[in-house]
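What follows is a short report on a single structure.
Bear in mind that the values here come from a model prediction, so they are computed numbers and not experimental data. Below, each value reflects all heavy atoms present in this structure, side chains not excepted, and no hydrogens, waters or symmetry copies. Letters A, B, ... are given to chains in the order of the sequence lines, protein chains preceding strands, and every chain is numbered from 1.
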2 protein chains.
Amino acid sequence: MNIGQAAEASGVSAKMIRYYESIGLIPKTVRTEAGYRVYSDNDVHTLRFIRRARDLGFSVEQIADLVSLWRDRERASMDVKRMALAHVDVLERKIAELQEMAGTLKHLANNCHGDGRPDCPIIEELASGETRHASSRAAPKFGLAKERLRP
Amino acid sequence: MNIGQAAEASGVSAKMIRYYESIGLIPKTVRTEAGYRVYSDNDVHTLRFIRRARDLGFSVEQIADLVSLWRDRERASMDVKRMALAHVDVLERKIAELQEMAGTLKHLANNCHGDGRPDCPIIEELASGETRHASSRAAPKFGLAKERLRP
DNA sequence: GTGATCCTTCCAATGATGGGAAGGTCAAGT
DNA sequence: ACTTGACCTTCCCATCATTGGAAGGATCAC
């Protein structure tokens, strides 16, 4: 199977397959005489695994762990569960942040009459007020691996 | 005021101030004979405005719009309101995505006994199942400007 | 005057992905 | 057999916001 077919079958773009290979997330494949990468059904399986983990917001680094756990049939499911729950934590903190942002903006927009008059509490708040809340101020550095879920 | 003091006063790093200048978000400042950038209280005010908009998740591009609306007191507040509400939409879609991810992961983790046994539904789902849902599949390309809120 | 602390510009890296160019390869149609 | 078009290869560049660092000049406190 060529890289294009593997991409089609797995839902991971050819570009990304090469990238994953280059960073060592997947091993280097067998090549044809002409240098074409050749993929097996099993490789496609792995790629699909990766794509799904990606869809759940895992970073490539985390996925590397997941893949090794997946390959190691003896691994403790505890490790996987811990990773999943830690990731849920990150997601939930992120959700809370976004809800706070959205809430603040909605509140401001509700108090903006939206006509031609120059008064706008949104602008005024940005210009002079404290728009930030404790949680966003105190928020430690945390980030989701993927911004665009399906770019 | 030097860039360092302006950074301190506004909460925007000196690095970012130079960057914002380089991309035209803020105008080029006056310089001293030695080439040092000089900032006024008004500049700091603008920088603080920018930082707050950033905290609310606006992209630099959107902030450029907001800043020009802010400077132009004759503009209709409607524009600002429209921008804010459009941004709320983006935030809420993002929230829904993250909630779905977190929900899927929690569901999987609940069904994972988490002991030493190798069976783990999380891994199994990733390996063979369809983890994606309609909303994430259908999700159009949309992204939030900022991944890390306070990096 | 000297050392510490600023400031300057430039360059690189991050993470995950897309875009594209330049060139080689393959399969099918004429 | 030859062309055509679809594929493949590598390599470089761009994104977005931000940080880091190096090399060198300026300023400041002592």
message: As an exercise, state the distance from CD of B:Q62 to CZ of B:R54, rounded to the nearest 0.5 Å.
response: 9.0 Å
query: Atom CD of B:E61 to atom P of D:dT15: distance rounded to whole Å?
result: 12 Å
query: Excluding sequence neighbours, so at least two apart, what forms side-chain contact (heavy atoms from CB on, under 4.5 Å) with A:L85?
result: A:K81, B:A109
- line: In this structure, CD1 of B:I95 is separated from CD of A:E100 (nearest 0.5 Å) by 10.5 Å
Look for any protein N or O under 3.5 Å of an N or O in nucleotides 20-23 of chain D and output each such pair with its distance, or none.
residue, atom, partner, partner atom, Å
D:dG20, N7, B:K15, NZ, 3.1
D:dG20, O6, B:K15, NZ, 2.8
D:dG21, O6, B:K15, NZ, 2.3

- line: So, with a heavy-atom separation below 4.0 Å from DNA chain C, the residues of residues 24-44 of chain A are A:A34, A:Y36
field: side chain to side chain donor-acceptor pair (under 3.5 Å) contacts touching residues 2-19 of chain A (sequence neighbours left out)
entry: none
- request: Using the test side-chain hydrogen bond (donor to acceptor under 3.5 Å, both in side chains), find all partners of B:E61 that sit at least two apart in sequence or belong to another chain.
  value: none
- prompt: Can you name the side-chain hydrogen bond (donor to acceptor under 3.5 Å, both in side chains) partners of B:E21, sequence neighbours left out?
  reply: B:R37
message: Without decimals, in angstroms, what is the distance between B:I50 CD1 and D:dC16 P?
response: 17 Å
- request: Could you state the atom-to-atom distance from CD of A:Q5 to P of C:dA27 in whole Å?
  value: 11 Å
- request: Could you tell me the separation between the CD1 atom of B:I23 and the C1' atom of D:dT18, rounded to a whole number of Å?
  value: 11 Å
query: Taking CD1 from A:I63 and C1' from C:dG15, how many angstroms apart are they, rounded to a whole number?
result: 12 Å
statement: With sequence neighbours left out, the residues meeting side-chain hydrogen bond (donor to acceptor under 3.5 Å, both in side chains) with B:T32 are none
- line: side-chain contact (heavy atoms from CB on, under 4.5 Å) filter on B:A7, not counting sequence neighbours, yields B:A14, B:I17
message: Applying side-chain contact (heavy atoms from CB on, under 4.5 Å), can you list everything that pairs with A:N42, at least two apart in sequence or on another chain?
response: A:S40, A:H45
field: Integer-rounded Å distance: D:dC28 P and B:N2 CG
entry: 8 Å
message: Check this one for me: any side-chain N or O of B:R18 less than 4.0 Å away from OP1 or OP2 of C:dC7?
response: no
statement: Quick note, A:Y20 side chain, CB onward, closest among C:dA16, C:dT17, D:dA17 is C:dT17
- request: Specify the separation, in whole Å, of atom CD of B:E8 and atom P of C:dT5.
  value: 16 Å
message: Could you write out DNA chain D as dot-bracket? Rules: Watson-Crick or G-U wobble, both distances under 3.5 Å, brackets [ ] for crossings, | for pairs with another strand, dot for unpaired.
response: ||||||||||||||||||||||||||||||
- prompt: Over how many whole Å does the gap from B:M1 atom CE to D:dT27 atom C1' extend?
  reply: 18 Å
field: side-chain hydrogen bond (donor to acceptor under 3.5 Å, both in side chains) involving B:K106 - partner list, sequence neighbours excluded
entry: A:E92
field: Which residue lies more 5' along DNA chain C, comparing A:S13 with B:I3 via nearest heavy atoms
entry: B:I3
- prompt: Side-chain heavy atoms under 4.5 angstrom apart, residues restricted to Ile, Leu, Val, Met, Phe, Trp, Tyr: same cluster for A:M16 and A:L66?
  reply: yes
